[in-house]
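One structure is given below, encoded as C-alpha cells.
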Amino acid sequence: MSTMEKRACESLLKKNHPKFGAEAAIVDPVFSQKKKVESSVQKDGSGDAELFIQRDSLIQVNCKRGNVVSVENYRVLALFSKYYNKWFVAPVDKFPWTNDPTAIKNARVLARLVKKSGSNYKEEELEVGGDWGPKQIFCVVKYCDILDVDSQLIEM
C-alpha cells in the first residue's frame, strides 16, 4: 500500500470511528465488512413515541400572505430527498421528526393547506379571487422550516 492510500484509510477510519463522534459504521480492515455500532440510548419505555413526518401527516408551517405571516396547518403529500444534486421522491416512507432544524439535510416536503372544521380537517380550495393563492395552497417546505408535527395522520 502506498502512503497516500494509508492516509486515506486512516482518515476514513478516524471519520467513522465512534471515538471521534460518528456513530455510522466502522470499516473492519480484516474482512472489509461494515459493522454497526450500537448507540448508548436508553430505552426506558416512558411512553414517548418518536414522531415521524410521513404521507398524510399534519405539519405546521409559517405561511406568508402579503405582509402578514401566520402559522397554518398543512397535510404532507410527498417527501423529497436530494441525490447527485437533483431532487427525487424520497425512497424512505418517513423522516424522523426532531426539534433540531439541522437534523436532516437535503429533505423537503410537498404540502397542501388544510383547515380545521370540527374534529376533522378539510382541504382549502383554490379559487379565483379567494383568500389563498396557489403558493399558499400547495408549497414545497424545507425540513428546517417545519415548526411542528402532529402525531396523528389526517383522514380525508
Side-chain angles (χ1 to χ4, degrees), residues 12-27 33-156:
L12 180 65
L13 187 60
K14 285 182 182 178
K15 184 178 179 182
N16 290 332
H17 197 278
K19 183 177 179 183
F20 296 97
E23 291 184 357
I26 299 175
V27 177
Q33 295 177 353
K34 293 183 179 180
K35 294 182 179 179
K36 287 194 173 185
V37 177
E38 295 293 327
S39 62
S40 60
V41 177
Q42 296 177 354
K43 295 180 181 178
D44 56 357
S46 62
D48 293 335
E50 188 174 352
L51 289 175
F52 290 99
I53 299 173
Q54 56 189 351
R55 253 189 108 203
D56 295 330
S57 61
L58 183 68
I59 60 173
Q60 292 182 350
V61 179
N62 282 331
C63 181
K64 186 174 181 183
R65 201 168 31 160
N67 293 333
V68 179
V69 177
S70 62
V71 177
E72 298 295 334
N73 293 321
Y74 283 86
R75 179 174 70 109
V76 175
L77 299 177
L79 304 170
F80 295 97
S81 295
K82 192 172 187 179
Y83 296 104
Y84 298 107
N85 209 20
K86 295 190 186 289
W87 289 98
F88 295 101
V89 175
V92 294
D93 295 338
K94 53 190 171 185
F95 293 139
W97 169 249
T98 60
N99 289 331
D100 184 19
T102 60
I104 296 180
K105 295 182 180 177
N106 296 330
R108 292 189 182 182
V109 170
L110 175 64
R112 181 183 173 109
L113 185 66
V114 293
K115 180 174 124 180
K116 187 164 184 149
S117 61
S119 63
N120 294 331
Y121 289 92
K122 184 177 158 186
E123 292 181 344
E124 285 285 338
E125 297 295 326
L126 183 59
E127 300 171 352
V128 177
D131 293 336
W132 302 100
K135 290 186 178 180
Q136 286 89 27
I137 298 284
F138 295 100
C139 63
V140 177
V141 182
K142 294 179 185 175
Y143 181 86
C144 60
D145 294 337
I146 297 173
L147 301 175
D148 194 20
V149 176
D150 196 2
S151 62
Q152 65 183 357
L153 298 178
I154 295 179
E155 295 179 11
M156 292 298 200

**Report entry** W97: ring-ring contact (aromatic ring centres under 6.0 Å, His included) partners, not counting sequence neighbours
**Finding:** Y143

Donor-acceptor list for residues 76-89 side chains, cut-off 3.5 Å, not counting sequence neighbours:
| from | atom 1 | to | atom 2 | distance (Å) |
| --- | --- | --- | --- | --- |
| K82 | NZ | N85 | OD1 | 3.4 |

Query raised in the report: If we only count heavy atoms from C-beta on, is the D93 to Q54 side-chain gap below 4.5 Å?
Result: no

Query raised in the report: Measuring from L113:CG to K122:NZ, what's the distance to the nearest 0.5 Å?
Result: 12.5 Å

Residues 125-136, side-chain donor-acceptor partners within the protein, below 3.5 Å, at least two apart:
| from | atom 1 | to | atom 2 | distance (Å) |
| --- | --- | --- | --- | --- |
| Q136 | OE1 | G133 | N | 2.8 |
| Q136 | NE2 | K64 | O | 2.9 |

Requested in this report: Drop me the distance from D150's CG to Y121's OH, to the nearest 0.5 angstrom.
Outcome: 5.5 Å

Report task. Measure the spacing between CG of L51 and NZ of K94 and express it to the nearest 0.5 Å. Result -> 11.0 Å

Query raised in the report: Just how far is it from atom CD1 of I104 to atom SG of C144, taken to the nearest 0.5 Å?
Result: 11.5 Å

Query raised in the report: With S117, which residues qualify under side chain to side chain donor-acceptor pair (under 3.5 Å), at least two apart?
Result: none

Query raised in the report: How would you list, by chain and number, every residue that makes a side chain to side chain contact (heavy atoms under 4.5 Å, CB included) with V61, sequence neighbours excluded?
Result: I59, Y74, V141

**Report entry** side chain to side chain contact (heavy atoms under 4.5 Å, CB included) against D100, all qualifying residues, sequence neighbours excluded
**Finding:** T98, T102, A103

Report summary line: Applied to residues 102-117, the salt bridge (charged side-chain N to carboxylate O under 4.0 Å, His left out) test, sequence neighbours excluded, yields R112-E123

Requested in this report: Nearest 0.5 Å please: distance from the CZ atom of R65 over to the CD atom of E72.
Outcome: 6.5 Å

Query - By side chain to side chain contact (heavy atoms under 4.5 Å, CB included) - contacts of V71 (at least two apart) - result: Q60, N62, L147

